[in-house]
Novice: 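Handing you this structure, nothing more for now.
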Amino acid sequence: MGSVKRAAAIACIVLALAAGACGSAGAKDIVIHAGRFIDGTGAAARQNVSILITDERITAIQPGFVTPQGAEVVDLSGKTVLPGLIDTHDHITAGWHSGDPIRNSVTRSAFEDAIEATVFTRDTLLAGFTSVRDCGADTQVVVALRKSIEGGVVPGPRMWVAGTPLGPTGGHGDAVNGLRVEFADIPHVSDNVVDSPESARLAVRRLKREGVDLIKIMPSGGVMSIGDDPRHQLMTDEEIKAVIDTAHALGMKVAAHAHGKEAIDHTIELGVDSIEHGSYADAASYKLFKQHGTYLVPTMLVGERVYQRAKEHPEQLNPSTAEKALAIAPLLRRNLHDAYAAGVKIAFGTDTFGLSRHGENAQEFALLVNAGMTPMDAIKTATGNAADLLGSTDVGTLQVGRYADVIAVDGDPLADVKVLENVGFVMKGGAIVKSAGKPLI
């Protein structure tokens with residue numbers, strides 16, 4: 001090759017590399033014209049706003065409708081535009097709706113859960129939930145699901161996953177509660193059981209090694225489990241502290257299933273990041289929430305659904321569950337009202353695992369408003385607040401530098417929050433997955 005040709009070839013390579021380094025090659029520019037604009041920070045709604053997007057990120061937000069040269073225009077001028085929603089307490093691999101839960105637990109496999117979950121993730125995304133925090137599932141299944149979504153293999157929301165929740169023998173989360181003792185000897189069935197600080201530390205480290213993003217613990221009894229009492233603290237303070245300290249040392253947050261006041265108060269004082277449910281909290285508990293900056297995730301939707309099931313079809317619930325459900329659901333409503341009035345930080349979470357269907361997550365909003373929240377504050381629980389609980393500055397609000405996770409609805413959710421139950425437009429990372437009410441995936 002002659003020197004001139006060689007120099008020309010080198011120049012072409014240099015220019016190509018420079019273009020790639022600058023990110024200009026193949027960049028896609030989009031501008032959304034938003035008729036009503038709610039940014040998820042709690043700021044007042046604005047009218048006629050342009051959201052400028054390059055590839056998967058928001059690059060500018062400008063007043064009025066502007067159209068940069070070469071940008072694709074997405075006309076949502078007749079819609080209300082909001083950030084993609086976040087459910088911080090989901091079980092996206094679970095889809096139990098009816099039938100004998102004990103039979104299901106010993107006849108279904110993780111493979112069935114994994115296959116069904118690919119439908120649940122799609123339904124959740126199309127409902128406008130572009131991010132979820134999964135608070136308990138088979139670790140291998142949910143980690144693989146997260147990776148498959150990240151790799152574009154299956155459609156779904158961004159996922160933060162806890163894997164298998166940790167709790168004590170006989171507590172909420174012990175898979176052999178109510179079964180014959182022989183089931184306790186099956187390897188892996190009780191690998192989430194921790195009965196000492198040492199086993200708690202080991203379990204957290206193992207989960208981190210297996211790829212989880214956060215840790216879920218069960219310091220109190222639960223409703224859907226057999227025989228345990230939601231009012232009781234079942235993990236010791238030493239076990240709880242070992243989990244929280246180990247998780248935080250590894251850069252992970254901790255979510256605590258806690259109904260009883262003792263478990264709530266102790267777990268907050270020991271440094272947990274969020275309390276899930278919080279049924280028996282009181283004024284003293286709310287002071288602790290505020291003092292430590294702990295979030296409450298009230299999970300109103302699951303409370304309503306299990307209450308209905310307990311009244312209408314108690315035979316479809318585990319033994320002892322119906323009685324507990326009838327007592328807990330009214331407490332969830334009261335607790336949210338009082339916690340909100342006290343100024344506790346609230347994050348949106350539905351505890352969806354089959355009593356409501358995946359994709360119905362937005363039904364939680366009306367329950368939040370009916371318990372006393374303003375529509376704007378209810379929206380913030382699933383946007384700015386939820387992102388803060390996740391520890392993410394990439395999602396949750398429509399701001400420069402964040403992912404272009406955008407939804408749109410007809411009507412004004414500040415006047416009727418139920419319009420969020422019918423999301424007509426969904427964009428995730430600059431890619432439109434639903435438009436004019438029709439899925440594109």
Novice: Side chains of Thr130 and Tyr403, heavy atoms from C-beta outward: is any pair under 4.5 Å?
Specialist: no

Novice: We want to know whether Glu269 and His292 form a side-chain donor-acceptor pair, criterion being a heavy-atom distance below 3.5 angstrom.
Specialist: no

Novice: Above 12 or not: heavy atoms from other molecules or residues under 6.0 Å from CD of Gln140?
Specialist: no

Novice: Checking Lys428 side chain against Ser131 main chain: does a donor-acceptor pair fall under 3.5 Å?
Specialist: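 Not at all, since once roles are kept as given, no pair shorter than 3.5 Å links the two residues.
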
Novice: Judged by atom type as modelled, is there a donor-acceptor pair below 3.5 Å linking the side chain of Asn192 to the main-chain atoms of Gly173?
Specialist: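 Yes, Asn192 side chain to Gly173 backbone: donor-acceptor pair under 3.5 Å.
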
Novice: Has the side chain of Asp273 got a donor or acceptor atom that lies under 3.5 Å from a matching backbone atom of Val254?
Specialist: yes

Novice: More than 12 non-hydrogen atoms from neighbouring residues, nucleotides or ligands closer than 6.0 Å to NE2 on His248, yes or no?
Specialist: yes

Novice: Would you say the side-chain atoms of Gln291 pair up with the backbone N or O of Gly293, donor to acceptor, closer than 3.5 Å?
Specialist: no

Novice: Keeping the roles fixed (side chain from Asp213, backbone from Val161), state whether a donor-acceptor pair exists under 3.5 Å.
Specialist: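 Such a contact is found between Asp213 side chain and Val161 backbone.
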
Novice: Give a yes or no answer on whether the side chain of Thr236 reaches the backbone of Glu239 with a donor-acceptor pair at less than 3.5 Å.
Specialist: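 Yes; at least one donor-acceptor contact below 3.5 Å.
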
Novice: Ignoring hydrogens and angles, state whether a donor on the side chain of His259 or Ser220 is under 3.5 Å from an acceptor on the partner side chain.
Specialist: no

Novice: Less than 3.5 Å apart, any donor N or O on the side chain of Asp134 or His91 sitting next to an acceptor on the other?
Specialist: no

Novice: Indicate whether the side chain of Arg402 and that of Thr397 have a donor and an acceptor atom separated by less than 3.5 Å.
Specialist: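 There is such a pair (donor and acceptor under 3.5 Å, judged by atom type) between the side chains of Arg402 and Thr397.
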
Novice: So, Asp87 side chain and Thr350 main chain: donor-acceptor pair closer than 3.5 Å or not?
Specialist: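 At least one qualifying donor-acceptor pair exists.
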
Novice: Only one of Val193, Val142, Thr139 passes side-chain contact (heavy atoms from CB on, under 4.5 Å) with Thr164; say which it is.
Specialist: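 Result: among Val193, Val142, Thr139, Thr139 is the only option passing the side-chain contact (heavy atoms from CB on, under 4.5 Å) with Thr164.
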
Novice: Check the side chains of Glu276 and His257 for a donor-acceptor pair under 3.5 angstrom, ignoring hydrogens and angles.
Specialist: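 Note: His257 and Glu276 side chains miss the donor-acceptor criterion.
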
Novice: Report yes or no: do Asp29 and Thr54 form a side-chain donor-acceptor pair below 3.5 Å?
Specialist: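 The answer is yes; a qualifying pair exists.
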
Novice: Using a strict cut-off of less than 4.0 Å between a Lys/Arg side-chain nitrogen and an Asp/Glu carboxylate oxygen, indicate whether Arg108 and Glu116 qualify as a salt bridge.
Specialist: yes

Novice: Is it true that Arg357 and Gln363 share a donor-acceptor pair across their side chains at a distance under 3.5 Å?
Specialist: no

Novice: Count the heavy atoms belonging to other residues, nucleotides or ligands that lie under 6.0 Å from NZ of Lys261, then report whether that count exceeds 12.
Specialist: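 Yes, NZ of Lys261 has more than 12 neighbouring heavy atoms, counting only those of other groups under 6.0 Å.
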
Novice: Any chance NZ of Lys287 has more than 12 other-residue heavy atoms, nucleotides or ligands included, within less than 6.0 Å?
Specialist: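 No.
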
Novice: What is the ring orientation for His33 with Phe65, classed by angle as parallel under 30°, tilted 30 to 60°, or perpendicular over 60°?
Specialist: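 Aromatic pair His33/Phe65 classed parallel.
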
Novice: Above 12 or not: heavy atoms from other molecules or residues under 6.0 Å from NZ of Lys241?
Specialist: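 No, because the 6.0 Å sphere around NZ of Lys241 holds 12 heavy atoms or fewer from other groups.
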
Novice: Is there a donor in the side chain of Asn335 and an acceptor in the side chain of Tyr286, or the other way round, less than 3.5 Å apart?
Specialist: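 The answer is yes; a qualifying pair exists.
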
Novice: What do you reckon, is CD of Glu72 surrounded by more than 12 foreign heavy atoms closer than 6.0 Å?
Specialist: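 More than 12 within 6.0 Å, yes.
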
Novice: Please check if any side-chain donor atom of Asp123 sits under 3.5 Å from a side-chain acceptor atom of His358, or the reverse.
Specialist: no

Novice: Can you tell me if Arg201 has over 12 outside heavy atoms packed within less than 6.0 Å of its CZ?
Specialist: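 Correct, the count exceeds 12.
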
Novice: Testing Asp388, Thr381, Thr88 for side chain to side chain donor-acceptor pair (under 3.5 Å) with Tyr295, which one passes?
Specialist: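 Of Asp388, Thr381, Thr88, side chain to side chain donor-acceptor pair (under 3.5 Å) with Tyr295 is met by Asp388 alone.
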
Novice: Is there a side-chain contact between Phe289 and Ile275, using heavy atoms and a 4.5 Å cut-off?
Specialist: yes

Novice: Any non-hydrogen side-chain atom of Val49 less than 4.5 Å from a side-chain atom of Arg36?
Specialist: no

Novice: Assess the side chains of Asp412 and Thr80: does a donor N or O sit below 3.5 Å from an acceptor N or O?
Specialist: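 Short answer, no.
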
Novice: Is there a side-chain contact between Leu207 and Leu166, using heavy atoms and a 4.5 Å cut-off?
Specialist: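 Result yes, sub-4.5 Å side-chain heavy-atom pair found.
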
